[in-house]
Number of protein chains: 2
Amino acid sequence: MDYLQQIGFAGLNSRIKRLSDELLYSTRDYYKNADLDIEPNWHLIFLLLEEHESLTITEISQELRMSHPACVKIIKKMKKRDYIDTTTDKSDSRKQLLKLSGKAKDRLPLFHKHWDACIETTKDLIKKSPHFLQELSEFESLVSEENYMNRTIKNFDEL
Amino acid sequence: MDYLQQIGFAGLNSRIKRLSDELLYSTRDYYKNADLDIEPNWHLIFLLLEEHESLTITEISQELRMSHPACVKIIKKMKKRDYIDTTTDKSDSRKQLLKLSGKAKDRLPLFHKHWDACIETTKDLIKKSPHFLQELSEFESLVSEENYMNRTIKNFDEL
DNA sequence: TACATTTGCGTAACCAGTTACAAATATTTA
DNA sequence: TAAATATTTGTAACTGGTTACGCAAATGTA
């Protein structure tokens, strides 16, 4: 029996962390196994750039609700592997316009086949959990309304 | 509208990661705000040592389903702050027996009050999600039966 | 008993996120 | 127009996880 499950509510955050890590590392192993030369999370940026033609770091970090330094790191790697080309915005020289490279466009059809397999896996995993997506959304929405810290401060004061 | 939610199954893993990070950082902020001198995850080890009197690194890492180097890091910090005392096992000198220090025992009642507030928060967050715990367990169980990578390899071959 | 294998734990190097700070450019305002 | 403020991007230092490796001690086996 799993200790984190045993302790009920006290273990929930750590279970979510553990699951998230497991999925991340396993996805990385999958890409390595399939010899894909990409990393987890890159697919989000590929998807955004397939939709948008060009985006800046700031726009991507807003879309993904992620800090901009995190995006900078990911983009830096993707550029190093020649999946992204950058040009400076003519009307605002601070902005770097990010676009898919030729190499990226060449490989995206293959990548999509693998991402489709990932989607199948995800579907399998929640096949018997018809409320999971809905209830996860509820969780996300509550946490973004008022963060965990502030909620807990209030709860502590009321105890 | 949140892009990760828009893209459906393709965004699920990243949503779990994002939520897990949000909870982790917010919990750390909570401890800092409450001036508690502890970090997230330590509570799992405190709970285990309240139940067990003494444990080794290996036992803890097995209980928490976490790599032993991760435990070593956490324990090292807890020792540095004098929450844990160690002695070498008399019958097996490789083993370090970990026990709660006097300081830990003194402060645990206060810590528990704060952890109770955390539990209240968690309860609030899933109050409207009656299937969440059950379906999370199902998810964990499926992933531990066969990992995400192997599932995806199979799915790719079948496509 | 001697050698091979396993176990416990520590370290190193890596990955992926965060906050805090800095520098350059744009924009707003006095 | 000049100065203050805001935005964009980048870097540094931190957290918290992983795998890979090494060493010492314990255990199994020939």
Side-chain angles (χ1 to χ4, degrees), chain A residues 13-29 31-32 38-45 55-62 64-80 84 86-98 147-149, chain B residues 13-29 31-33 38-45 54-62 64-80 84 86-98 147-149:
Chain A
N13 293 4
S14 296
R15 284 167 67 186
I16 294 174
K17 166 79 171 141
R18 192 174 57 177
L19 179 61
S20 146
D21 284 339
E22 162 71 19
L23 294 172
L24 180 69
Y25 300 133
S26 207
T27 303
R28 193 164 56 198
D29 290 344
Y31 290 145
K32 195 168 289 180
I38 56 174
E39 286 173 28
N41 276 340
W42 293 15
H43 80 285
L44 298 171
I45 286 155
L55 288 169
T56 66
I57 293 270
T58 302
E59 287 165 341
I60 289 175
S61 63
Q62 283 164 355
L64 302 183
R65 310 256 205 274
M66 177 185 270
S67 72
H68 85 268
C71 282
V72 168
K73 283 189 190 178
I74 297 172
I75 297 295
K76 201 189 255 179
K77 285 189 195 171
M78 293 177 76
K79 277 181 69 174
K80 201 171 177 182
I84 285 183
T86 56
T87 50
T88 305
D89 188 323
K90 276 161 193 156
S91 63
D92 183 343
S93 69
R94 295 169 306 177
K95 292 185 184 173
Q96 291 292 306
L97 301 179
L98 309 177
N147 69 35
Y148 193 88
M149 178 182 73
Chain B
N13 293 5
S14 296
R15 283 167 67 187
I16 293 173
K17 166 81 171 138
R18 192 175 57 178
L19 179 61
S20 145
D21 284 339
E22 162 71 19
L23 295 173
L24 179 69
Y25 300 135
S26 207
T27 303
R28 193 165 56 199
D29 290 345
Y31 290 145
K32 195 169 288 180
N33 181 281
I38 56 175
E39 287 174 28
N41 276 340
W42 292 15
H43 80 284
L44 298 170
I45 286 154
S54 102
L55 289 168
T56 66
I57 294 269
T58 303
E59 287 165 342
I60 289 176
S61 63
Q62 282 164 354
L64 303 183
R65 310 253 205 276
M66 178 185 270
S67 72
H68 85 268
C71 282
V72 168
K73 282 189 190 180
I74 297 172
I75 297 294
K76 201 188 256 180
K77 285 189 194 171
M78 293 178 76
K79 277 181 68 175
K80 201 171 177 182
I84 286 184
T86 56
T87 50
T88 306
D89 187 323
K90 278 161 192 157
S91 64
D92 184 344
S93 69
R94 295 169 307 175
K95 292 186 184 173
Q96 291 292 307
L97 301 179
L98 309 177
N147 70 34
Y148 193 88
M149 178 182 72

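Order of the sequence lines fixes the chain letters, A, B, ..., with proteins taken first and strands second; residue numbering starts at 1 for each chain.
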Check: Touch check for A:Ser67, heavy atoms < 4.0 angstrom, all strands: base, sugar-phosphate only, or nothing?
Finding: base

Check: For A:Arg15, what residues pass the salt bridge (charged side-chain N to carboxylate O under 4.0 Å, His left out) criterion, not counting sequence neighbours?
Finding: B:Glu140

Checklist line | For B:Gln96, side-chain hydrogen bond (donor to acceptor under 3.5 Å, both in side chains) partners two or more places apart | finding: B:Thr88

Next item on the list: Determine, for nucleotides 7-15 of chain C in 5'-to-3' order, which nucleotides have protein heavy atoms under 4.0 Å from the base (write B), from only the sugar-phosphate (write S), or from neither (write -).
Entry: BSBBB---S

Notebook entry, point to check: Which two nucleotides bound the region of DNA chain D that has atoms under 4.0 Å from heavy atoms of chain B, read 5' to 3'?
Noted result: D:dT15 to D:dA26

Next item on the list: Using the closest heavy atom to pick a nucleotide of DNA chain C for each, name whichever of B:Asp29 or A:Trp42 lands nearer the 5' end.
Entry: A:Trp42

Next item on the list: Go through the structure and list residues passing side-chain contact (heavy atoms from CB on, under 4.5 Å) with A:Leu24, not counting sequence neighbours.
Entry: A:Pro40

Next item on the list: Quickly work out the A:Asn41 CG to C:dA16 P distance and round it to whole Å.
Entry: 8 Å

Next item on the list: Starting from the 5' end of DNA chain C, give me the residue, A:Pro40 or A:Lys90, whose nearest nucleotide shows up first.
Entry: A:Pro40

Next item on the list: Identify, with sequence neighbours excluded, every residue that meets salt bridge (charged side-chain N to carboxylate O under 4.0 Å, His left out) alongside B:Asp92.
Entry: B:Arg94

Notebook entry, point to check: Atom CG of A:Asn147 and atom P of C:dT19: how far apart are they, to the nearest Å?
Noted result: 11 Å

Margin query: For B:Ser26, give me all partners under side-chain contact (heavy atoms from CB on, under 4.5 Å), at least two apart in sequence or on another chain.
Written below: A:Asn147, A:Tyr148, A:Met149, B:Glu22

Item checked: Side chains of B:Leu64 and B:Asn41 in contact at under 4.5 Å (non-hydrogen atoms) -> no

Notebook entry, point to check: Residues two or more places apart in sequence or in another chain: which of them pass salt bridge (charged side-chain N to carboxylate O under 4.0 Å, His left out) with B:Lys77?
Noted result: B:Glu39

Note to self: My understanding is that only residues two or more places apart in sequence, or in another chain, count here; which of them pass salt bridge (charged side-chain N to carboxylate O under 4.0 Å, His left out) with A:Asp29?
What the structure shows: none

Margin query: From CG of A:Leu24 over to P of C:dG17, roughly how many Å is that when rounded to an integer?
Written below: 7 Å

